[in-house]
Amino acid sequence: MRSVYIYTIVLFFLCSACKEEKTSVSDEQAKVEFSQDRFRESYRPQYHFTPPEKWMNDPNGLLFHNGTYHLFYQYYPEDIVWGPMHWGHATSKDLIQWEHKPIALYPDELGLIFSGSAVMDIDNTSGLGTKENPPMVAIFTYHLMAGEQAGRKDFQTQGIAYSLDEGDTWTKYDGNPVIGNDGIKDFRDPKVMWHEASGKWIMSLVAGDHAKFYSSSDLKDWKLESEFGRENGAHGGVWECPDLFPLQVEGSDEQQWVLLISINPGAPNGGSGTQYFVGDFDGKKFTTTQKETKWLDYGTDNYAGVTWNGLPDDERTFIGWMSNWTYARDTPTEVWRSAMTLPRKLTLHQNDKGYYLKNFPVNQIENYTQEPSLQTNGKANVLTGEDFNQNRINFEIDEKLQDFKVTFSNEAGEKLQLGYNAEKANFFVDRTASGKVDFQADFGKEVHFAPSIATSETENTFSIFIDASSVEFFVNGGAVVMTEQIFPTQPYTSISFEGDVTYKDITSSKIERIWD
Ligand code: FRU
């Protein structure tokens, strides 16, 4: 990232929009419309969120309010590579079909607008709105390029902005930054939540190799409460994009706290990935007895993911950036770059190895999933007769889990393979010959693995969601997950199912395009 930050400073100073304090939108702009053909370029995901054009990375400011899901995102509107960061904006009624909105936050003299979160300040604790019209408040990191260039360490600070019209227009708080920096080089990505028990706002923030927790009663004045993680979890790279929230253990009354931490590099299959900790949070301090490192997704392309604020207590919905800093800038798209994962429901479970998270596409995707067009059963099977690049494939395995391999192939001889290796007790995704892979040295170099977590549960149900340039592989409703980008030069037209297992209920269903 670092070299890119520096490289783009020139563009930053040329960018006239950077000076804007307040976003103003005319009526015609209030709803950004794009012709339907815009979203049919090759590799354009048909049922995953993408920006209309240009570069996107992390999801930001995830907030559910008044029946609307808000998705803000790291956005550079001038190019398809990372540049001076803005917050792009989209809204949805169901998390699947999105309406693109005007850019929400522009860089200003305090810096570029890096990742962060949003809350509805219902009681107007910040005083930035009124009781009758409470503010939506965005909390984000300012990244001051000039400071970084000058070799200083204090160039990342935390700022806030507010909207009084449901996120359409934003005003920066004139007392920014609300948290300054006394010399921490990587100090970013505030995720704020309302903590009911202490009646305070709690912010999780990362500082290089650990997380810091702050509290506030007004979103403006923040007090450092504690730190976590110098000695916990994976440390192959910088900690980024924290998220702290409570979750009930499925099938019990027990509540635990979950802390998500993205890390780059240092993920199990290289580059960027998201680890998590299960423990306790008392309003000030996060503690855990967890010894091993746990990963949310073993695929290479699920990063910087966080969860929605404002949902009912028993709903925890996550979305991640479907890319990896190792090759994010090199992927073969031209109009836009990068997509989000499918939004996924997070649930917490316990087995004899401890707590673990499942993540699985939200139910709303069912409304876009057609009746199966193909189905089969048995030892070895082949599905043909249609394109499989906008599909969901489900299947089960009868009896014990043994070696199996599912191969998607096309007329160009390209193959995407996924399955299970019993000897290694690993699931795998092999995209080494899946299509275009040579745009970057690491992209197609290796087969990627995910350890089985089977204990009392047998792992025998599988779902594969394949879109124009991605595959999401879910084992047992998301107990093991692998999310990967793929760039086949032609649609896959055949799927073969092989191995030492008997397949049950193989179905292939089309998923409807969300952009019409
Ligand atoms: C994660 C990240 C964040 C940062 C943002 C900058 O992908 O590096 O830590 O805020 O991207 O775009």
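Not measured: the values here are computed from a predicted model. Counting starts at 1 for both ligands and their atoms, following the listed order. Nothing fancy with the numbering, it's 1 onward along the sequence.
Checked against Thr317 for a side chain to side chain contact (heavy atoms under 4.5 Å, CB included), the options Leu95, Leu62, Leu346 give a single hit: Leu95. For the side chain to side chain contact (heavy atoms under 4.5 Å, CB included) criterion with Lys101, the lone passing option out of His89, His70, Glu166 is His89.
Less than 4.0 angstrom separates some heavy atom of Met85 from each of these atoms of ligand 1: 12 (O). Residue contact check: Tyr303 has heavy atoms under 4.0 Å from atoms 1 (C), 7 (O) of ligand 1. Each of the following atoms of ligand 1 lies closer than 4.0 Å to a heavy atom of Asp189: 3 (C), 4 (C), 9 (O), 10 (O). Counting atoms of ligand 1 from 1 in the listed order, those under 4.0 Å from a heavy atom of Ser115 are 5 (C), 10 (O). Atoms of ligand 1 found under 4.0 Å from any heavy atom of Arg188, numbered from 1 in the order shown, are 3 (C), 4 (C), 9 (O), 10 (O). Within ligand 1, counting atoms from 1 as listed, the ones closer than 4.0 Å to a heavy atom of Gln74 are 5 (C), 6 (C), 12 (O).
Relative orientation of the Tyr142 and Phe140 rings is perpendicular, given thresholds of 30° and 60° on the angle between their planes. Taking the six-membered ring where the residue is Trp, Phe286 and Phe277 present perpendicular rings, their angle passing 60° and hence far from 30°.
Other residues, nucleotides and ligands contribute only 12 or fewer heavy atoms inside 6.0 Å of the CD atom of Glu334.
Checked by atom type and distance alone, the side chain of Gln156 never pairs as donor or acceptor with a backbone atom of His143 at under 3.5 Å.
Close N/O approach between Asp58 and ligand 1 is found [any backbone or side-chain N/O within under 3.5 Å].
By the criterion of a heavy-atom distance under 4.0 Å, neither the backbone nor the side chain of Thr141 is placed next to ligand 1.
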